[in-house]
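Note sheet for the following structure.
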Protein chains: 2
Amino acid sequence: MGGDDALLPVEPVFLKSLRDHVYGLVRDAILAGRLKGGEKLNERHLASQLGISTTPLKEALRVLESEGLVRSEPRRGIYITFNAGQAEEMMLARAALESMIARQAAKRVKDEDVALMRALIVEMRAGLETVDVLQLIALNERFHNVIHEASGCSYLRRLQGGQNIYTHAARLSVLSEERERFLAVEEHEAIANAIAAREPDLAERLMRDHVIRSGEKHLLRV
Amino acid sequence: MGGDDALLPVEPVFLKSLRDHVYGLVRDAILAGRLKGGEKLNERHLASQLGISTTPLKEALRVLESEGLVRSEPRRGIYITFNAGQAEEMMLARAALESMIARQAAKRVKDEDVALMRALIVEMRAGLETVDVLQLIALNERFHNVIHEASGCSYLRRLQGGQNIYTHAARLSVLSEERERFLAVEEHEAIANAIAAREPDLAERLMRDHVIRSGEKHLLRV
DNA sequence: TCGGAGAAATTGATATATCAAGTTTCAGAT
DNA sequence: ATCTGAAACTTGATATATCAATTTCTCCGA
């Protein structure tokens, strides 16, 4: 079992429910590698370590299990199942879902959404000069959000969100490369053009390739 | 809140854990429409109705929430969020993930997998004559399973499995149409050929179109 | 009649106790 | 020395009790 410092007790700061808080803590610990694949978790031990009872922890672990990050064997224990291979598959899942969202967006996009996308592209180009990586990350997210909104696919969006496993550090690292920043803007512009032209097939393909190419860069940083 | 007959008490047949059993019961009730969108669930009431305590029920509800079928509002209640729109999006999610799996399969497929696929196609063609719908359903599943195995993508497969919402009745109904049976075999053969030819782009596109076309037929039966 | 303050009821959130399946340990026979 | 099996221990599964936020109801005053 992992060292007792892999997870620290929860502070009495109840921003949200304990179970949600704990869910985030354990999920982050798994994705950051502080809890490694194959490691065994003990519900009671973990609960007391976190300073909570087992009830909210059980609920959090059940969610993590349904997401495929851990596997629960009845009366045996909970094992971390996340590994590098799964990280790559989660990236592929994100590519599949994000490209389906782009396809739907290309079918339903409104002119005002197109205007928003184009405005963001302009901002991104400007950001290439200033090299404010934090701002580029934010612009990146806003760009994808505009497409999500335009698609009207709330379920796909939610499912896609669950496949995000990149840390802030990885994002910073990737976008610190000048070539990556340039490529990202080029690809975003191509995607925006395909959606604006109402070409679902093209938008889907460009988005898939963008997520996979960019994703492979991120996976290297882990 | 739903009528007291929407869900019946669990039998003392513990094939699996109570939480898994209850999870299946509630999920089926939602997908079958016995628990309708917008309906409010009461944890205590539902637990006593099922003859169990709230602990396993809470865990089951948390999983359903992470799947997006219900939404839990702290200290307010649990509301069914599933509706026709989400059903369509789940079909699209299945198309996106299944087509990504087909893409990976086309990259990694082994000759023995190809042989398996071709054998199943032959069986399907034969099945067209005998019109044994149950057997066709089974062949259908085996065909998709071969592709899943060939892809080596266990996570994508699992995620895709969570998007299956068609009832057995809907499957029966759809495959009872002669034209649908014919189309399905044709599409399966085209997919098999694309994978055998190691053409990821083609396999992905064909699989996506197949799942969407067939899915829209299923959604009409609900 | 209307409206708001506050008490009562409701209900999910959390904690704790109990149950039962699985694992480990170790005495005792071969 | 090795194998067997029963007892002790672990641990997740389940049940129950308690807590606290929210809603609903009630009643008094304008």
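Just so we're on the same page: letters track the sequence lines, and every chain starts at 1.
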Open item on the list: Counting the atoms with a prime plus P, OP1 and OP2 as sugar-phosphate, which does B:Arg44 contact under 4.0 Å by heavy atoms, base, sugar-phosphate, or nothing?
Closed with: base

Open item on the list: Distance check needed: D:dT18 P versus B:Arg75 CZ, whole Å only.
Closed with: 18 Å

Task: side-chain N/O A:Lys58 vs D:dG12 OP1/OP2, d < 4.0 Å - done: no

Task: Residue-phosphate contact under 4.0 Å: B:Asn42 side-chain N/O, C:dT10 OP1/OP2 - done: no

Task: B:Glu177 CD: over 12 foreign heavy atoms closer than 6.0 Å - done: yes

Task: Side-chain N,O (A:Arg76) to OP1/OP2 (C:dT23) below 4.0 Å - done: yes

Task: Check: A:Leu175 main-chain N/O paired with A:Arg181 side-chain donor or acceptor under 3.5 Å - done: yes

Task: Nearest-nucleotide pick for A:Leu18, side chain only, options being D:dA13, C:dA13, C:dT14 - done: C:dT14

Task: Rounded interatomic separation in angstrom, taking CD1 from B:Ile52 and P from D:dT14 - done: 8 Å

Open item on the list: Assess whether a salt bridge exists between A:Arg221 and A:Glu180, defined as any Lys/Arg side-chain N lying under 4.0 Å from an Asp/Glu carboxylate O.
Closed with: no

Task: Distance test, side-chain N/O of B:Arg19 to OP1/OP2 of D:dA13, below 4.0 Å - done: yes

Open item on the list: For B:Gly77 and A:Thr54, find the nucleotide of DNA chain C closest to each by heavy atoms; which residue's nucleotide sits nearer the 5' end?
Closed with: B:Gly77

- [ ] Look at the side-chain N and O atoms of A:Ser53 and state whether any lies under 4.0 Å from the OP1 or OP2 oxygen of C:dA15.
- [x] yes

Open item on the list: On the side chain of A:Ser17, is there an atom forming a donor-acceptor pair with the base of C:dA13 - under 3.5 Å, no angle test?
Closed with: no

Task: Closest to the B:Glu43 side chain, choosing from C:dA15, D:dA15, C:dA13 - done: C:dA13

- [ ] Evaluate the criterion side chain to side chain contact (heavy atoms under 4.5 Å, CB included) for residue pair A:Glu65 and A:Thr81; output intermediate values, then yes/no.
- [x] CA-CA 9 Å; A:Glu65 184 178 14; A:Thr81 57; over 6 Å; no

